[in-house]
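Data block below; observations after.
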Amino acid sequence: MTDTTTFKHLVGRSTLTQGVAVRRDFEDWFDAPAKGEAREIRLLFGSNEVSATLRRLDNETGSVQVRYQSKKQRGFREWLASAFIEPSLAELGRVLEFTKVDSDVYRVSAITGRGLDKLHLTLGPSLYHNNADSLPEADASCSDIGDIIDSIGFRRERGQAYYN
(Lines give C-alpha, C1' and ligand atoms only; values in the text may rest on other atoms or scores of the structure.)
Protein backbone atom coordinates (compact mmCIF):
# COMPACT_ATOMS: atom_id res chain seq x y z
CA MET A 1 0.00 0.00 0.00
CA THR A 2 1.36 3.45 -0.92
CA ASP A 3 2.00 5.90 1.91
CA THR A 4 0.14 8.98 0.66
CA THR A 5 0.98 11.23 3.60
CA THR A 6 4.48 11.90 2.26
CA PHE A 7 6.26 11.71 -1.08
CA LYS A 8 9.81 10.32 -0.94
CA HIS A 9 12.37 10.75 -3.71
CA LEU A 10 15.79 9.08 -3.90
CA VAL A 11 18.35 11.87 -4.35
CA GLY A 12 20.50 11.90 -7.48
CA ARG A 13 22.66 14.55 -9.12
CA SER A 14 19.72 16.27 -10.84
CA THR A 15 17.82 16.44 -7.51
CA LEU A 16 20.54 18.74 -6.17
CA THR A 17 20.53 21.10 -9.15
CA GLN A 18 17.24 20.92 -11.07
CA GLY A 19 14.29 19.19 -9.45
CA VAL A 20 12.47 15.91 -8.93
CA ALA A 21 10.21 13.72 -11.04
CA VAL A 22 6.85 12.93 -9.45
CA ARG A 23 5.77 9.29 -9.51
CA ARG A 24 2.47 8.59 -11.31
CA ASP A 25 0.75 7.49 -8.09
CA PHE A 26 1.50 10.91 -6.52
CA GLU A 27 0.35 13.16 -9.38
CA ASP A 28 -3.10 13.60 -7.77
CA TRP A 29 -1.49 14.18 -4.35
CA PHE A 30 0.41 17.12 -5.86
CA ASP A 31 -2.73 18.11 -7.82
CA ALA A 32 -0.62 18.11 -10.97
CA PRO A 33 -1.56 20.56 -13.72
CA ALA A 34 -2.81 19.55 -17.16
CA LYS A 35 -0.41 18.54 -19.92
CA GLY A 36 1.80 21.46 -20.97
CA GLU A 37 0.82 23.59 -17.96
CA ALA A 38 2.67 24.70 -14.83
CA ARG A 39 2.06 26.59 -11.60
CA GLU A 40 4.01 27.82 -8.61
CA ILE A 41 4.15 25.87 -5.35
CA ARG A 42 5.91 26.70 -2.08
CA LEU A 43 8.59 24.56 -0.52
CA LEU A 44 9.38 24.98 3.18
CA PHE A 45 12.87 23.87 4.25
CA GLY A 46 14.45 24.51 7.63
CA SER A 47 13.19 27.98 8.59
CA ASN A 48 13.12 29.11 4.94
CA GLU A 49 10.68 29.07 2.05
CA VAL A 50 11.07 29.09 -1.72
CA SER A 51 8.73 29.18 -4.69
CA ALA A 52 9.17 26.24 -7.10
CA THR A 53 7.43 25.17 -10.31
CA LEU A 54 5.13 22.17 -10.55
CA ARG A 55 4.74 21.27 -14.21
CA ARG A 56 3.47 18.53 -16.49
CA LEU A 57 5.52 18.13 -19.63
CA ASP A 58 3.77 18.44 -22.97
CA ASN A 59 5.16 15.18 -24.31
CA GLU A 60 3.84 11.67 -24.90
CA THR A 61 4.20 10.56 -21.28
CA GLY A 62 3.12 13.83 -19.65
CA SER A 63 5.65 13.47 -16.82
CA VAL A 64 5.18 15.69 -13.76
CA GLN A 65 8.13 17.52 -12.21
CA VAL A 66 8.93 19.86 -9.33
CA ARG A 67 11.59 22.28 -10.65
CA TYR A 68 13.87 24.65 -8.72
CA GLN A 69 16.76 25.59 -10.99
CA SER A 70 16.45 29.38 -11.28
CA LYS A 71 18.55 32.03 -9.52
CA LYS A 72 15.78 32.81 -7.02
CA GLN A 73 15.86 29.16 -5.83
CA ARG A 74 19.61 29.12 -5.20
CA GLY A 75 19.17 29.06 -1.39
CA PHE A 76 17.12 25.86 -1.65
CA ARG A 77 19.76 24.17 -3.83
CA GLU A 78 22.46 25.22 -1.35
CA TRP A 79 20.39 23.70 1.46
CA LEU A 80 20.08 20.46 -0.54
CA ALA A 81 23.83 20.37 -1.20
CA SER A 82 24.63 20.85 2.49
CA ALA A 83 22.02 18.27 3.56
CA PHE A 84 23.09 15.58 1.13
CA ILE A 85 26.69 16.25 0.10
CA GLU A 86 27.17 15.30 -3.55
CA PRO A 87 26.15 11.65 -3.99
CA SER A 88 28.46 9.31 -5.86
CA LEU A 89 27.76 6.00 -7.52
CA ALA A 90 29.31 4.18 -4.56
CA GLU A 91 27.23 6.04 -1.99
CA LEU A 92 23.49 5.45 -2.26
CA GLY A 93 20.72 6.19 0.19
CA ARG A 94 19.73 9.82 0.45
CA VAL A 95 16.02 10.56 0.39
CA LEU A 96 14.14 13.83 -0.01
CA GLU A 97 10.73 13.80 1.68
CA PHE A 98 7.80 16.09 0.84
CA THR A 99 5.00 16.48 3.38
CA LYS A 100 1.86 18.38 2.34
CA VAL A 101 1.22 21.31 4.69
CA ASP A 102 -1.50 23.05 2.70
CA SER A 103 -2.70 23.34 -0.88
CA ASP A 104 0.48 23.91 -2.95
CA VAL A 105 2.65 24.12 0.21
CA TYR A 106 5.10 21.31 1.07
CA ARG A 107 7.61 20.85 3.87
CA VAL A 108 10.80 19.32 2.44
CA SER A 109 13.07 17.23 4.69
CA ALA A 110 16.30 15.34 4.19
CA ILE A 111 16.38 11.72 5.31
CA THR A 112 19.91 10.45 5.81
CA GLY A 113 21.87 8.20 8.16
CA ARG A 114 19.76 6.37 10.75
CA GLY A 115 16.56 7.85 9.36
CA LEU A 116 16.98 5.59 6.35
CA ASP A 117 16.75 2.49 8.54
CA LYS A 118 13.02 3.18 9.05
CA LEU A 119 12.26 3.13 5.31
CA HIS A 120 10.89 0.08 3.52
CA LEU A 121 9.57 -0.80 0.10
CA THR A 122 5.89 -0.30 -0.60
CA LEU A 123 3.59 -1.66 -3.25
CA GLY A 124 2.04 1.03 -5.42
CA PRO A 125 -1.38 0.98 -7.04
CA SER A 126 -2.18 -2.26 -8.86
CA LEU A 127 -3.23 -2.51 -12.48
CA TYR A 128 -5.04 -5.62 -13.71
CA HIS A 129 -5.42 -6.90 -17.26
CA ASN A 130 -9.00 -7.25 -18.54
CA ASN A 131 -10.48 -5.64 -15.41
CA ALA A 132 -9.44 -8.53 -13.17
CA ASP A 133 -9.73 -6.28 -10.10
CA SER A 134 -11.08 -9.11 -7.96
CA LEU A 135 -8.08 -11.38 -8.62
CA PRO A 136 -6.22 -10.58 -5.35
CA GLU A 137 -9.30 -11.31 -3.25
CA ALA A 138 -10.07 -14.50 -5.17
CA ASP A 139 -6.52 -15.86 -5.17
CA ALA A 140 -5.10 -16.48 -1.68
CA SER A 141 -1.57 -16.66 -3.11
CA CYS A 142 -1.80 -12.91 -3.87
CA SER A 143 -2.86 -11.87 -0.38
CA ASP A 144 0.65 -11.97 1.12
CA ILE A 145 2.39 -9.94 -1.61
CA GLY A 146 1.86 -6.55 0.09
CA ASP A 147 3.12 -7.85 3.45
CA ILE A 148 6.20 -9.39 1.82
CA ILE A 149 7.07 -6.18 -0.04
CA ASP A 150 6.51 -4.06 3.11
CA SER A 151 8.92 -6.30 5.04
CA ILE A 152 11.85 -5.42 2.75
CA GLY A 153 13.87 -2.66 4.42
CA PHE A 154 15.71 0.05 2.50
CA ARG A 155 19.43 -0.72 2.29
CA ARG A 156 21.49 2.26 1.22
CA GLU A 157 24.46 0.13 0.18
CA ARG A 158 22.32 -1.86 -2.27
CA GLY A 159 21.49 -0.89 -5.83
CA GLN A 160 18.49 -1.53 -8.06
CA ALA A 161 19.61 -5.09 -8.91
CA TYR A 162 19.22 -6.09 -5.23
CA TYR A 163 15.58 -4.97 -5.17
CA ASN A 164 14.77 -6.54 -8.55
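Because the structure is a prediction, the values reported are computed rather than measured.
Taking every heavy atom of both residues into account, Ala21 and His9 meet most closely at O-ND1, 3.7 Å. Of all non-hydrogen atoms in Ala83 and Ala110, the two that sit nearest each other are CB-CB, 3.8 Å. Thr61 approaches Ser63 most closely through the heavy-atom pair OG1-OG, 3.1 Å.
Put simply, the residue from Phe45, Trp29, Phe7 that forms a ring-ring contact (aromatic ring centres under 6.0 Å, His included) with Tyr106 is Trp29.
Taking CZ of Phe76 as the start and CD of Gln73 as the end, the distance is 9.0 Å to the nearest 0.5 Å. Distance check: Asp102 CG to Arg42 CZ gives 7.5 Å after rounding to the nearest 0.5 Å. The structure places CG of Leu96 at 10.0 Å from CG of Leu10, a figure rounded to the nearest 0.5 Å. A distance of 7.5 Å separates OG1 of Thr17 from CD of Gln69, quoted to the nearest 0.5 Å. Leu16 CG to Leu80 CG: the interatomic distance, rounded to the nearest 0.5 Å, is 6.0 Å.
Thr53 and Glu40 are linked by a side-chain donor-acceptor pair at a separation below 3.5 angstrom, with hydrogens and angles left out of the test.
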Exercise for review: Please test Leu57 against Gln65 for side-chain contact (heavy atoms from CB on, under 4.5 Å), starting from the C-alpha separation and ending with a verdict.
Suggested key: CA-CA 8 Å; Leu57 299 178; Gln65 302 173 331; 3.8 Å; yes

Practice item. Determine, step by step, whether Phe26 and Phe98 satisfy the side-chain contact (heavy atoms from CB on, under 4.5 Å) criterion, reporting the C-alpha distance in whole Å, the side-chain angles of both residues, the deciding distance to 0.1 Å, and the verdict. Key: CA-CA 11 Å; Phe26 272 86; Phe98 291 74; over 6 Å; no

**Study point:** CA sep, side-chain torsions, deciding dist, call: Glu97, Ser109, side-chain hydrogen bond (donor to acceptor under 3.5 Å, both in side chains)
**Key:** CA-CA 5 Å; Glu97 180 179 65; Ser109 308; 4.6 Å; no

Point to revise | Evaluation steps, side-chain contact (heavy atoms from CB on, under 4.5 Å), between Arg55 and Arg67 | key: CA-CA 8 Å; Arg55 70 180 186 179; Arg67 303 293 282 192; 3.6 Å; yes

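Annotation for Glu60: atom CD does not count as buried by contact number, only 12 or fewer foreign heavy atoms lying within 6.0 Å.
No donor-acceptor distance shorter than 3.5 angstrom exists from the side chain of Asp28 to the backbone of Asp31, with no hydrogens or angles considered. Between the side chain of Arg77 and the backbone N or O of Ser70 there is at least one donor-acceptor pair closer than 3.5 Å. Without hydrogens or angle criteria, Lys35 side chain to Asn59 main chain gives a donor-acceptor distance under 3.5 Å.
The closest side-chain heavy-atom distance from Val64 to Leu54 is below 4.5 Å.
Contacts of Asp104 classified as side chain to side chain donor-acceptor pair (under 3.5 Å), with partners at least two apart in sequence or in another chain: Arg39.
Electrostatic pairing of Arg56 and Glu27 counts as a salt bridge here, judged by a charged N lying under 4.0 Å from a carboxylate O.
When the side chains of ILVMFWY residues are joined at heavy-atom separations under 4.5 Å, either directly or via intervening members, Trp79 and Leu44 end up in two distinct hydrophobic clusters.
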